[in-house]
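Reading through the structure tokens given below for one structure.
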Amino acid sequence: MHKLSDDMARRRGLARVAAVQALFQWLQGNDEPREVVTQFLRFRSREEGEGGMPQDADRSFFQEVVSGASKRGEEYDKTIVAHLREGWTLERIDKLMRAILLAGIYELDRRRDVPARVVIAQYVDVAQQFFSGGEPAFVNVTLDRIARELRGAEFSAPRDNATPGGA
């Protein structure tokens, strides 16, 4: 496993935030994932602030997360429901929170090059950018439960004291 450069990790972090925004737009039901990706890459990458994508975001990573998470949306929704506390339903989850979880599950499922703990930490950070209440903790608990199912071996192995790479 190689450690990503700080610059690439930063660029991926920017792409994750934009991917969550794009998935949220898709969940609103007005646009197909391909249209949303095109809007972000062509137009919204010029925007500054909320709702835009910084020019130096990792565009291919952004596109992969949005396309992959939206393509597997139904499957990942079932995964979310299976890991919620009793009494919770998918409809009870805010669409922005659902977008964060879909993106996180995609990475846990399909990006084995990124350690599970890194994926969880990254999406907790994304949640902190949008929410100030208990939502980041909800993301942490939910993605941790899912990660332990999808990548149990990473959690049973002794933890390395080195900083994990692959952000």
Side-chain angles (χ1 to χ4, degrees), residues 4-84 90-131 135-136 138-140 142-147 149-151 165-167:
L4 286 180
S5 71
D6 289 342
D7 182 58
M8 181 54 80
R10 184 186 62 76
R11 292 180 65 222
R12 278 197 179 173
L14 295 171
R16 285 182 178 103
V17 173
V20 165
Q21 291 171 320
L23 287 166
F24 173 73
Q25 185 174 328
W26 167 67
L27 288 171
Q28 295 290 83
N30 299 327
D31 299 306
E32 291 297 315
R34 187 179 313 120
E35 295 169 359
V36 175
V37 166
T38 300
Q39 287 173 20
F40 269 78
L41 293 177
R42 286 197 184 152
F43 307 110
R44 297 185 70 180
S45 63
R46 296 187 195 112
E47 294 178 18
E48 296 299 322
E50 193 172 320
M53 183 167 69
Q55 288 283 350
D56 56 344
D58 184 333
R59 292 165 175 262
S60 63
F61 188 75
F62 159 80
Q63 194 166 359
E64 176 191 344
V65 171
V66 175
S67 298
S70 60
K71 179 194 247 183
R72 294 171 182 83
E74 278 186 42
E75 172 190 340
Y76 291 168
D77 280 345
K78 290 176 186 172
T79 300
I80 292 168
V81 170
H83 292 86
L84 292 175
L90 192 62
E91 294 73 31
R92 189 172 169 190
I93 298 174
D94 177 272
K95 284 185 180 169
L96 182 55
M97 181 66 61
R98 189 168 150 214
I100 293 168
L101 293 174
L102 289 173
I105 295 168
Y106 171 79
E107 281 199 60
L108 289 169
D109 184 33
R110 299 292 174 157
R111 293 301 305 244
R112 301 292 171 137
D113 59 312
V114 183
R117 287 181 175 96
V118 171
V119 172
I120 295 165
Q122 290 293 312
Y123 286 100
V124 168
D125 288 348
V126 170
Q128 289 171 339
Q129 292 183 44
F130 294 105
F131 298 101
E135 293 88 351
F138 177 82
V139 168
N140 186 39
T142 306
L143 288 180
D144 184 73
R145 288 177 181 163
I146 294 166
E149 182 178 299
L150 293 177
R151 299 196 197 177

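No hydrogens, no waters, no symmetry mates; every other heavy atom, side chains included, goes into these values.
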Walk me through whether Tyr76 and Leu101 qualify under side chain to side chain contact (heavy atoms under 4.5 Å, CB included).
CA-CA 9 Å; Tyr76 291 168; Leu101 293 174; over 6 Å; no
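- Separating the NZ atom in Lys95 from the CD atom in Gln25 is a distance of 12.5 Å, to the nearest 0.5 Å.
- Residues Arg59 and Gln63 fail the side-chain proximity criterion, which asks for heavy atoms closer than 4.5 Å.
- Note that the CD1 atom of Ile100 and the CD1 atom of Ile105 stand 12.0 Å from one another [nearest 0.5 Å].
- Heavy atoms of other residues, nucleotides or ligands lying less than 6.0 angstrom from CZ of Arg112 number more than 12.
- The line from CG of Asp144 to CZ of Arg117 is 8.0 Å long, rounded to the nearest 0.5 Å.
- Side chains of Val114 and Arg12 form a contact here, defined as non-hydrogen atoms less than 4.5 Å apart.
- The structure places CG of Asp109 at 11.5 Å from CG of Leu102, a figure rounded to the nearest 0.5 Å.
- By the 6.0 Å contact criterion, CD on Glu74 is open, its count of non-hydrogen atoms from other residues, nucleotides or ligands being 12 or less.
- In terms of heavy atoms, Leu27 sits closest to Ala99 at CD1-N, 3.8 Å.
- Of all non-hydrogen atoms in Ser67 and Val37, the two that sit nearest each other are OG-CG2, 4.4 Å.
- Atom CD of Glu135 is separated from atom CG of Leu96 by 9.0 Å, given to the nearest 0.5 angstrom.
- Residue Leu14 comes nearest to Asp56 through the heavy atom pair CD1-OD1, 3.4 Å, listed as atom of the first residue, atom of the second, then distance.
- Judged by distance alone, with hydrogens and angles left aside, the side-chain atoms of Arg98 form no donor-acceptor pair with the main-chain N or O of Leu90 at under 3.5 Å.
- Here the closest non-hydrogen pair linking Glu32 and Trp26 is C-CD1, 4.3 Å.
- In terms of modelled atom types and a separation under 3.5 Å, the side chain of Arg72 and the main chain of Gly68 share a donor-acceptor contact.
- Of all heavy-atom pairs between Ala147 and Ile120, the closest is CB-CD1, 3.9 Å.
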Kindly list each side-chain donor-acceptor pair under 3.5 angstrom involving residues 123-130, sequence neighbours excluded, with atom names and distances?
| from | atom 1 | to | atom 2 | distance (Å) |
| --- | --- | --- | --- | --- |
| Tyr123 | OH | Glu107 | OE2 | 2.6 |

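- Within the 4.5 Å cutoff, side-chain heavy atoms of Leu84 are placed close to those of Phe138.
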Between Arg110 and Glu64, is the salt bridge (charged side-chain N to carboxylate O under 4.0 Å, His left out) condition met? List the steps.
CA-CA 10 Å; Arg110 299 292 174 157; Glu64 176 191 344; over 6 Å; no
Would Val66 and Leu23 satisfy side chain to side chain contact (heavy atoms under 4.5 Å, CB included), going step by step from the backbone distance to the final call?
CA-CA 6 Å; Val66 175; Leu23 287 166; 4.3 Å; yes
